[in-house]
K.L.:
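The structure that follows is given in the form of structure tokens.
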Amino acid sequence: MQISKNDIKRVRQLQQKKFRDETGLFVAEGRKAVDELQKGFELTMLIDEGNATAKEIEQMSGLRSPQGVIGVFRQRVAQDDFIPSEKELTVVLDDVQDPGNMGTIIRTADWFGVRNIVCSSHCADCYNPKVVQATMGALARVRVFYTDLVPWLQHTLLSLPTLPLYGTLLDGNDIYQEQLSEGGLIMMGNEGNGLSEPVRSMLTHKLRFPSYPQNADTSESLNVGIATAIVLAEFRRRMR
């Protein structure tokens, strides 16, 4: 069935969080992303050249160069009671706000077999179209939870008092020399401020990436998406 003007308006509105929250829907663009997301989400509308003109697709698209296919999906039911496993890695994000970084972290987690990400309430929305595009379909396999982070951590540690909490800090221990476990929480901080003080105080292992060569002038820190990839790669290398 050909899409209507109301359909065009509703799809376009999903670029905004307000309407995503109200409807429980989100959009993805591109054939590959739409196909991948159908493995983990309910597809409620498919828009392509079969039911829309190129101009109509352009009106609905959030991309500079529309890819000709738009999928509208139903979000997962929100949960804030996730309990991690001591035998698996869980990524925890403390106010990561850039959609590109959020998407990169979800895609990286998928690559390294991390199936759950816990986010503080002020993290970027995982259903933001920029995040969805950056995940390249990984969102279908990685569950993202939003919660009030400090109380969640406190509750988690009461249930799992021996659970390791890893975090990256400039004054941490060399990650390549530190003992790493099979499971635990990997805490990654805000782009500008790093981990918040309440979260830092709960860490059981403080990690640092040594720069090369030692003592040379270099960038102050790494991008949080890149840092997450390095941490997960080292954990998985040790577990081989």
Side-chain angles (χ1 to χ4, degrees), residues 10-30 32-45 61-63 67 70-84 88-150 152-153 156 185-192 195-196 199 223-229 231-232:
R10 285 194 291 266
V11 172
R12 185 63 186 173
Q13 285 177 331
L14 293 176
Q15 299 290 328
Q16 302 175 49
K17 188 176 189 303
K18 171 186 174 182
F19 291 102
R20 293 195 301 273
D21 290 345
E22 286 180 359
T23 62
L25 302 174
F26 72 99
V27 294
E29 299 192 48
K32 178 174 174 54
V34 170
D35 287 348
E36 284 295 306
L37 287 169
Q38 288 186 68
K39 300 174 183 177
F41 295 92
E42 176 191 350
L43 178 68
T44 65
M45 182 185 298
S61 174
L63 303 177
Q67 298 183 26
I70 298 175
V72 179
F73 294 90
R74 192 169 305 283
Q75 299 178 22
R76 293 188 178 110
V77 177
Q79 293 179 244
D80 60 5
D81 57 351
F82 170 72
I83 300 297
E88 296 180 355
L89 294 176
T90 300
V91 171
V92 179
L93 304 182
D94 185 10
D95 289 5
V96 171
Q97 298 177 338
D98 181 79
N101 286 336
M102 176 66 80
T104 297
I105 290 169
I106 294 172
R107 186 176 178 183
T108 301
D110 183 38
W111 180 262
F112 286 109
V114 174
R115 294 297 165 228
N116 298 288
I117 296 177
V118 177
C119 298
S120 66
S121 302
H122 297 294
C123 280
D125 177 17
C126 68
Y127 297 115
N128 179 314
K130 293 181 179 179
V131 176
V132 175
Q133 291 306 118
T135 70
M136 294 297 291
L139 194 57
R141 292 174 292 274
V142 178
R143 298 188 68 89
V144 182
F145 304 86
Y146 288 83
T147 189
D148 192 350
L149 194 54
V150 172
W152 179 82
L153 287 169
T156 297
L185 304 184
I186 297 177
M187 327 275 280
M188 306 302 297
N190 173 267
E191 289 86 349
L195 292 170
S196 61
V199 172
N223 168 275
V224 65
I226 297 296
T228 303
V231 172
L232 292 179

K.L.:
Report the distance from atom SG of Cys126 to atom CD1 of Ile117, rounding to the nearest 0.5 Å.
P.N.:
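Reported to 0.5 Å precision, the distance equals 9.0 Å.
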
K.L.:
Taking only residues two or more places apart in sequence or in another chain, which ones pass side chain to side chain contact (heavy atoms under 4.5 Å, CB included) with Ala134?
P.N.:
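Residues passing side chain to side chain contact (heavy atoms under 4.5 Å, CB included) with Ala134: none at all.
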
K.L.:
Heavy atoms, side chains only, cut-off 4.5 Å: are Arg10 and Leu14 in contact?
P.N.:
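Sidechains of Leu14 and Arg10: no contact.
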
K.L.:
Within the 4.5 Å heavy-atom criterion, are Ile186 and Val114 side-chain neighbours or not?
P.N.:
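The answer is no, as the side chains (C-beta and beyond) never meet within the 4.5 Å cut-off.
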
K.L.:
Which residues pass the side chain to side chain contact (heavy atoms under 4.5 Å, CB included) test with Pro129, sequence neighbours left out?
P.N.:
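Pro129 satisfies side chain to side chain contact (heavy atoms under 4.5 Å, CB included) with Gln15, Arg20, Val27 only.
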
K.L.:
How long is the gap from CE on Met136 to CG on Asp110, to the nearest 0.5 Å?
P.N.:
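Answer for the CE-CG pair, Met136 versus Asp110, is 11.5 Å.
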
K.L.:
Distance check, rounded to the nearest 0.5 Å: Leu139 atom CG versus Met102 atom CE?
P.N.:
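It comes to 10.0 Å.
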
K.L.:
Kindly state each residue pair satisfying ring pair (Phe, Tyr, Trp, His ring centres under 6.0 Å) with at least one member in residues 107-142, sequence neighbours excluded.
P.N.:
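Non-adjacent pairs meeting ring pair (Phe, Tyr, Trp, His ring centres under 6.0 Å): Phe26-Tyr127.
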
K.L.:
Pairs in or reaching into residues 128-138: which pass side chain to side chain donor-acceptor pair (under 3.5 Å), with residues at least two apart or in two chains?
P.N.:
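Of all non-adjacent pairs touching residues 128-138, none passes side chain to side chain donor-acceptor pair (under 3.5 Å).
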
K.L.:
Applying side chain to side chain contact (heavy atoms under 4.5 Å, CB included), name anything that partners Glu191, two or more places apart in sequence or on another chain.
P.N.:
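Result, side chain to side chain contact (heavy atoms under 4.5 Å, CB included) vs Glu191: Val96, Gln97, Asp98, Asn101, Val224.
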
K.L.:
Measure across Arg141 and Gly137 and return the closest heavy-atom pair with its distance rounded to 0.1 Å.
P.N.:
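So the minimum-distance heavy-atom pair works out to NH2-O, 3.8 Å.
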
K.L.:
Got a sec, which residues hit side chain to side chain contact (heavy atoms under 4.5 Å, CB included) with Thr44, two or more places apart in sequence or on another chain?
P.N.:
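Result, side chain to side chain contact (heavy atoms under 4.5 Å, CB included) vs Thr44: Leu25, Glu42, Val72, Arg74.
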
K.L.:
Of all the heavy-atom pairs spanning Leu37 and Phe73, show the shortest one and how long it is.
P.N.:
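For Leu37 and Phe73, the tightest heavy-atom pair comes out as CB-CZ, 3.7 Å.
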
K.L.:
Could you give the distance from OH (Tyr146) to SG (Cys119), rounded to the nearest 0.5 Å?
P.N.:
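It is 4.5 Å, given to the nearest 0.5 Å.
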
K.L.:
Whether the Asp95 and Ser120 side chains hold a donor-acceptor pair (N or O, under 3.5 Å, no angle test) is what I'd like checked.
P.N.:
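Side-chain D/A pair, Asp95 to Ser120: present.
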
K.L.:
Would you indicate whether the side-chain heavy atoms of Thr108 and Val91 approach each other to under 4.5 Å?
P.N.:
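Side chain of Val91 against side chain of Thr108, heavy atoms only: no contact under 4.5 Å found.
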
K.L.:
Pro84 versus Thr156: any side-chain heavy-atom pair under 4.5 Å?
P.N.:
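A side-chain contact exists here, since the closest heavy-atom pair is under 4.5 Å.
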
K.L.:
Once you round to the nearest 0.5 Å, how far does CD of Glu22 lie from CD of Gln13?
P.N.:
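Glu22 atom CD to Gln13 atom CD measures 8.5 Å (nearest 0.5 Å).
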
K.L.:
Once rounded to the nearest 0.5 Å, what's the spacing between atom CZ of Arg76 and atom CZ of Arg143?
P.N.:
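Answer for the CZ-CZ pair, Arg76 versus Arg143, is 5.0 Å.
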
